[in-house]
Amino acid sequence: MASINLSHIYKTYPGGVTAVHDFCLEIQDGEFIILVGPSGCGKSTTLRMIAGLEEITSGELEIGGKRMNDVAPKDRDIAMVFQNYALYPHMTVYKNMAFGLQLRKLEKKEIDAKVHEAARILDIEHLLDRKPKALSGGQRQRVALGRAMVRDPAVFLLDEPLSNLDAKLRGQMRSEITKLHKRLGTTFVYVTHDQTEAMTMGDRIVVMKDGFIQQVDTPQNLYDRPDNLFVAGFIGTPQMNFIDVELTAEEGRFAARFGGAQVEIPREKALGLESWLGRPCVLGIRAEALHTEEEFFSRPEAARLEAQVDLAELLGAESMLYLNCCGAKLVAKAPAGYPAREEDTIPLALDTQKLHLFDKETGQAIFH
């Protein structure tokens, strides 16, 4: 097992394109870290620099307290699981898993024990004599994990390992990888563009955009306290509702106004807002903080609004309502039986304790 320390890491390609800017992160021994962000944000490049598959332009990489910038990939005590599994098609599952150990000249008896132990943990013992073409996507993924496991590495690196699987199998494999991490207690660094994977699997999440770290925190803190508009919009399904607003103040009470509607800001959130009066701001509110049930309208933290229904989607246990509120497009969740049809005007109770406010120019959070 090993800790990883990335200090002021840059990756610049010929032609001057910088893919990763000033990446600083300390990963604890045994931690499950997720790198998440849209395509092209630099997350896979960062993972490949840890693996030694990409050269670091500048900065320091340490694994287990040892500088690794110039150490060959085979000597870094890491194992990598790729998006396309990278299995040898002409070899059986057993030989795929054993191949790396054979290169290291381990005894046949030890190789056999390691392969069967990994196969038992991953429930693929019955597949050891098959070739990859005879396996499903989920089985191939297990084989790729098993091939990494038998090496008993200090660090597991996983580059979008579930992106080729269907939705049901992705959910199943998420839990399998999480259980595997807990069983092995090894450091995992996992790259994905799927924020659901990030939220359900990681101890901490690194949100990236355009090669820069936007925020590093636990999944719950990222959801509840996003540092900026990008993180707020990227984390959570559906994404947070954003409304362009103007802040006003009357008799010491602050409110956010948009299109003829007004939302009063709770006193505890309004501290220091004087400097934001008259400046462009963005109000953030998640779908679950917009309520349609009557019981919420009498609560002291509720701000009452009206909205027109553009579309109602029934999702079984709940309905997703796409709304127009004074020109602002909102998404709200409602109980499955809520009677809403297109072009209906419905009342909404907005939970003002769940408001977020952002500076429109910089995108930085003002309050949560």
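Count residues from 1 along the sequence.
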Sequence neighbours left out, what passes salt bridge (charged side-chain N to carboxylate O under 4.0 Å, His left out) with [X]? Give chain and number order.
{"X": "Asp152", "result": "none"}
{"X": "Glu250", "result": "Arg257"}
{"X": "Arg170", "result": "none"}

Taking [X] for the side chain and [Y] for the main chain, is one N or O donor matched with an acceptor at less than 3.5 Å?
{"X": "His8", "Y": "Cys24", "answer": "no"}
{"X": "Thr18", "Y": "Val20", "answer": "no"}
{"X": "Arg147", "Y": "Tyr85", "answer": "yes"}
{"X": "Thr57", "Y": "Thr12", "answer": "yes"}
{"X": "Arg151", "Y": "Ala79", "answer": "no"}
{"X": "Asp344", "Y": "Ile346", "answer": "no"}
{"X": "Asp227", "Y": "Val216", "answer": "no"}

hydrophobic_cluster_shared for Phe367 and Val231, side chain cutoff 4.5 Å: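 Each belongs to a different hydrophobic cluster.
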Can a donor-acceptor pair be found between the side chains of Tyr190 and Glu197 at a distance below 3.5 Å?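 Indeed, the side chains of Tyr190 and Glu197 share at least one donor-acceptor pair under 3.5 Å.
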Determine whether the side chains of Asn228 and Gln214 contain a donor N or O and an acceptor N or O closer than 3.5 Å.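 Yes, a side-chain donor-acceptor pair sits under 3.5 Å.
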Identify, with sequence neighbours excluded, every residue that meets side-chain hydrogen bond (donor to acceptor under 3.5 Å, both in side chains) alongside [X].
{"X": "Asp351", "value": "none"}
{"X": "Thr352", "value": "none"}
{"X": "Glu268", "value": "Gln353"}

Counting C-beta onward and ignoring hydrogens, is there a side-chain heavy-atom pair between [X] and [Y] closer than 4.5 Å?
{"X": "Tyr10", "Y": "Ile56", "value": "no"}
{"X": "Phe23", "Y": "Ser7", "value": "no"}
{"X": "Pro238", "Y": "Met320", "value": "yes"}
{"X": "Tyr94", "Y": "Leu127", "value": "no"}
{"X": "Gln308", "Y": "Leu323", "value": "no"}
{"X": "Met149", "Y": "Ile121", "value": "yes"}
{"X": "Phe254", "Y": "Glu264", "value": "no"}
{"X": "Thr200", "Y": "Pro219", "value": "no"}

Parallel, tilted or perpendicular, judged at 30° and 60°: which one describes the rings of [X] and [Y]?
{"X": "Phe296", "Y": "His291", "result": "parallel"}
{"X": "His90", "Y": "Tyr88", "result": "perpendicular"}
{"X": "Phe212", "Y": "His21", "result": "parallel"}

Give me the atom names and distance for the closest heavy-atom approach of [X] to [Y].
{"X": "Thr46", "Y": "Leu6", "value": "CG2-CD2, 4.3 Å"}
{"X": "Ala312", "Y": "Ala340", "value": "CB-O, 3.8 Å"}
{"X": "Ile111", "Y": "Ala98", "value": "CG2-CB, 3.6 Å"}
{"X": "Thr92", "Y": "Leu128", "value": "CB-O, 3.6 Å"}
{"X": "Ala118", "Y": "Val150", "value": "CB-CG1, 3.7 Å"}
{"X": "Ala302", "Y": "Ala349", "value": "CB-CB, 4.2 Å"}

When rounded to the nearest 0.5 angstrom, what is the spacing between [atom1] in [X] and [atom2] in [Y]?
{"X": "Thr186", "Y": "Leu180", "atom1": "OG1", "atom2": "CG", "answer": "8.0 Å"}
{"X": "Ile63", "Y": "Ile50", "atom1": "CD1", "atom2": "CD1", "answer": "7.0 Å"}
{"X": "Leu357", "Y": "Gln364", "atom1": "CG", "atom2": "CD", "answer": "12.5 Å"}
{"X": "Ile205", "Y": "Tyr223", "atom1": "CD1", "atom2": "OH", "answer": "12.5 Å"}

Pairs flagged by salt bridge (Lys or Arg N to Asp or Glu O under 4.0 Å) wherever residues 289-305 is involved - sequence neighbours left out: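 As it turns out, the salt bridge (Lys or Arg N to Asp or Glu O under 4.0 Å) pairs with a partner in residues 289-305, which skip direct neighbours, are Glu295-Arg299.
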Sequence neighbours excluded - salt bridge (Lys or Arg N to Asp or Glu O under 4.0 Å) pairs with any residue from residues 94-114: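 Qualifying pairs, neighbours excluded: none.
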Can I get a per-line list of side-chain donor-acceptor pairs under 3.5 Å for residues 34-43, giving both atom names and the distance, sequence neighbours left out?
residue	atom	partner	partner atom	Å
Lys43	NZ	Gly37	O	3.0
Lys43	NZ	Pro38	O	3.1

Is the closest basic N to carboxylate O distance between Lys329 and Asp310 below 4.0 Å?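 Looking at Asp310 together with Lys329, the answer is yes, because their closest N to O distance falls below 4.0 Å.
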Using 4.0 Å as the upper bound for N to carboxylate O, is an ion pair formed by Arg120 and Asp123?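 Result for this pair is no, no salt bridge flagged.
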Go through the steps to decide whether Asp159 and Ser44 satisfy the test side chain to side chain donor-acceptor pair (under 3.5 Å), and finish with yes or no. CA-CA 7 Å; Asp159 190 5; Ser44 289; 2.9 Å; yes
Please step through salt bridge (Lys or Arg N to Asp or Glu O under 4.0 Å) for the pair Glu54 and Lys11, ending with a clear verdict. CA-CA 9 Å; Glu54 292 274 5; Lys11 176 60 182 179; 3.6 Å; yes
Around Gln83, counting heavy atoms of other residues, nucleotides and ligands shown, do more than 12 lie under 6.0 Å from its CD?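 For Gln83, atom CD is crowded (more than 12 foreign heavy atoms under 6.0 Å).
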Heavy-atom count around Lys269 NZ within 6.0 Å, excluding the residue itself: above 12?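 More than 12 within 6.0 Å, yes.
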For residues 202-211, which residue pairs qualify under side-chain hydrogen bond (donor to acceptor under 3.5 Å, both in side chains), counting only residues two or more places apart or in two chains?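 Pairs touching residues 202-211 that pass the test: Glu31-Arg204.
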Scan residues 124-142 for pairs that pass side-chain hydrogen bond (donor to acceptor under 3.5 Å, both in side chains), counting only residues two or more places apart or in two chains.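 Of all non-adjacent pairs touching residues 124-142, those that pass side-chain hydrogen bond (donor to acceptor under 3.5 Å, both in side chains) are Ser136-Gln139.
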With sequence neighbours excluded, tell me which residues meet ring-ring contact (aromatic ring centres under 6.0 Å, His included) with Phe234.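 Only Phe230 meet the ring-ring contact (aromatic ring centres under 6.0 Å, His included) criterion with Phe234.
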